[in-house]
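Some notes on the structure that comes next.
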Protein chains: 2
Amino acid sequence: MSMSAHTIDPEFEDIAFTPRQEAVLEHALALLVGGGEKALTTAGLARTANCSKESLYKWFGDRDGLLAAVVAYQANKVHFPPESGATADAETFRTHLVAFATELLAVLFGETSLALNRLSIGQSNRDDNRLGRLLLVRGKHMISARARSLLEAGRHRGLIKFNDAEEAYQVLYGLAVRDVHIRLLLGDTPSEAERDLEAQARVAVDRFYRLFGA
Amino acid sequence: MSMSAHTIDPEFEDIAFTPRQEAVLEHALALLVGGGEKALTTAGLARTANCSKESLYKWFGDRDGLLAAVVAYQANKVHFPPESGATADAETFRTHLVAFATELLAVLFGETSLALNRLSIGQSNRDDNRLGRLLLVRGKHMISARARSLLEAGRHRGLIKFNDAEEAYQVLYGLAVRDVHIRLLLGDTPSEAERDLEAQARVAVDRFYRLFGA
DNA sequence: CCCGAACCGTACCGTACGGTACAAACACTT
DNA sequence: AAGTGTTTGTACCGTACGGTACGGTTCGGG
């Protein structure tokens, strides 16, 4: 069942957007971040992006296609840099873990990610869940894969210990994110401490080591 | 800032619904769970609940008022039983923690909770965020208060150790929920293991003890 | 210089839905 | 029995928005 996640999504288009289209999608993203789903109307986007509705429908099919394109486009922009040179040093590995967790929080708590998550969640009972699956496949699964490889590296060097990399990652995720993600999605404003992403990440990694440290 | 959470929400109506109104809200809930926000139309609700649109508007003001009423009504139904008799026994305390975590997962992962969260998240940029705040105040804050008192009890008896009860609760939350909540909101189907709520809760409490056990 | 493709802007259509109005049915009091 | 308030069902209005059509403009290639 988690296997099905690895099979490429037949879904649709493997995202080859022309520069013009990308510019339009950028405008769409801005509208979404600014005012939520209902702020993104075909007419409105056409107006602010200086394009015609007809082009929108030609490029993206229909409104749902447009939404999917926005999600695919943005999810494609987020790439976790694969672990840099990475000396086997224990201290630098821990630093990498903290950096990963910090980056994770930065992405998840970013306005555009929140807007896209809100959008996908709002549409989660339509169209066989296109948006939600897109976001999961092109977003979470990417990050999770990156995390697993990082953790595996640490285990290989005897720095941490676990049976299931996925499970270990999920614990790290839980320790770092807690309930902040859902609260932000609901429109809550984070506390002062919660805004210091690196500090949060550091504490999370500390606790992670107490659970999985070798 | 977290203080503001404790001041009663001026918001509106302190939820005194007539039986008739509750019946209608129950129908509304069913529609929401079944088909998401757009499935809950005033005409549709009037039809399935055998009431008139005029009554809906009389009772709830407008559609947003109706949505708020649905959220308030449902959130009001969920009550975490305050820690039962609770002998000071260490083993029963741990059992209570597991029971709490299990109940937390059962609520969060329930279809109605998911539907309400989806609804509130979808509306999170409108009306100064009425729904989101409602859900936070009448939902999460209640649960969090319950959790804090439980944890404080445990600390008082020297069973666990921490500085900030809220922080300890958030860690427990993160360990138990991980990324499952957001995945469910996005329409993902949980794994086999993730469906065994009590087992998940037990593992989470195990880890929690390794971090906060005395 | 001309042709065709792509694109813009605008106007238009159909519909779904929030909200209101109203007449008939019901309920409850005096 | 009459009167008053509430609820229902239906019909209606206005509007916002998805989707389509079309004339006018730009632009690259022959």
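Numbers restart at 1 for each chain; the letters A, B, ... are given by sequence-line order, proteins then strands.
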Let me know the distance between [atom1] of [X] and [atom2] of [N], rounded to the nearest Å.
| X | N | atom1 | atom2 | result |
| --- | --- | --- | --- | --- |
| A:Leu56 | C:dC8 | CG | P | 9 Å |
| B:Leu45 | C:dG19 | CG | C1' | 15 Å |
| B:Tyr57 | C:dT20 | OH | C1' | 9 Å |
| B:Phe60 | C:dG18 | CZ | P | 15 Å |

Check your understanding: Between B:Leu67 and B:Glu37, is any pair of side-chain heavy atoms under 4.5 Å apart?
Key ->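 The answer is yes; the side chains approach within 4.5 Å.
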Looking only at heavy atoms, the pair that brings B:Leu211 and A:Arg207 closest together is CD2-O, 3.7 Å
Could you tell me whether the phosphate oxygens of D:dT8, OP1 or OP2, come under 4.0 Å of any side-chain nitrogen or oxygen in B:Arg20?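 For B:Arg20, the contact criterion (side-chain N or O under 4.0 Å from OP1 or OP2 of D:dT8) is met.
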- Task: May I ask you to evaluate whether B:Trp59 reaches the phosphate of D:dT6, defined as a side-chain N or O under 4.0 Å from OP1 or OP2?
- Result: no
_side-chain hydrogen bond (donor to acceptor under 3.5 Å, both in side chains) for A:Gln200 and A:Arg178? Distances and angles first, verdict last._
CA-CA 10 Å; A:Gln200 297 287 312; A:Arg178 290 125 123 206; 2.8 Å; yes
Side-chain donor/acceptor pairs under 3.5 Å, residues 98-110 of chain A, sequence neighbours excluded:
from	atom 1	to	atom 2	distance (Å)
A:Thr102	OG1	A:Val98	O	2.7

Applying side chain to side chain contact (heavy atoms under 4.5 Å, CB included), can you list everything that pairs with A:Ser120, at least two apart in sequence or on another chain?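 Partners of A:Ser120 by the side chain to side chain contact (heavy atoms under 4.5 Å, CB included) criterion, ordered by chain and then number, come out as A:Val71, A:Leu131, A:Leu135, B:Leu186.
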Interatomic distance, CZ@A:Arg155 vs CD1@A:Ile160, rounded to 0.5 Å, equals 8.5 Å
Distances under 3.5 Å between protein N/O atoms and the N/O atoms of nucleotides 9-17 of chain D, please, pair by pair.
from	atom 1	to	atom 2	distance (Å)
D:dG9	O6	B:Glu54	OE1	3.3

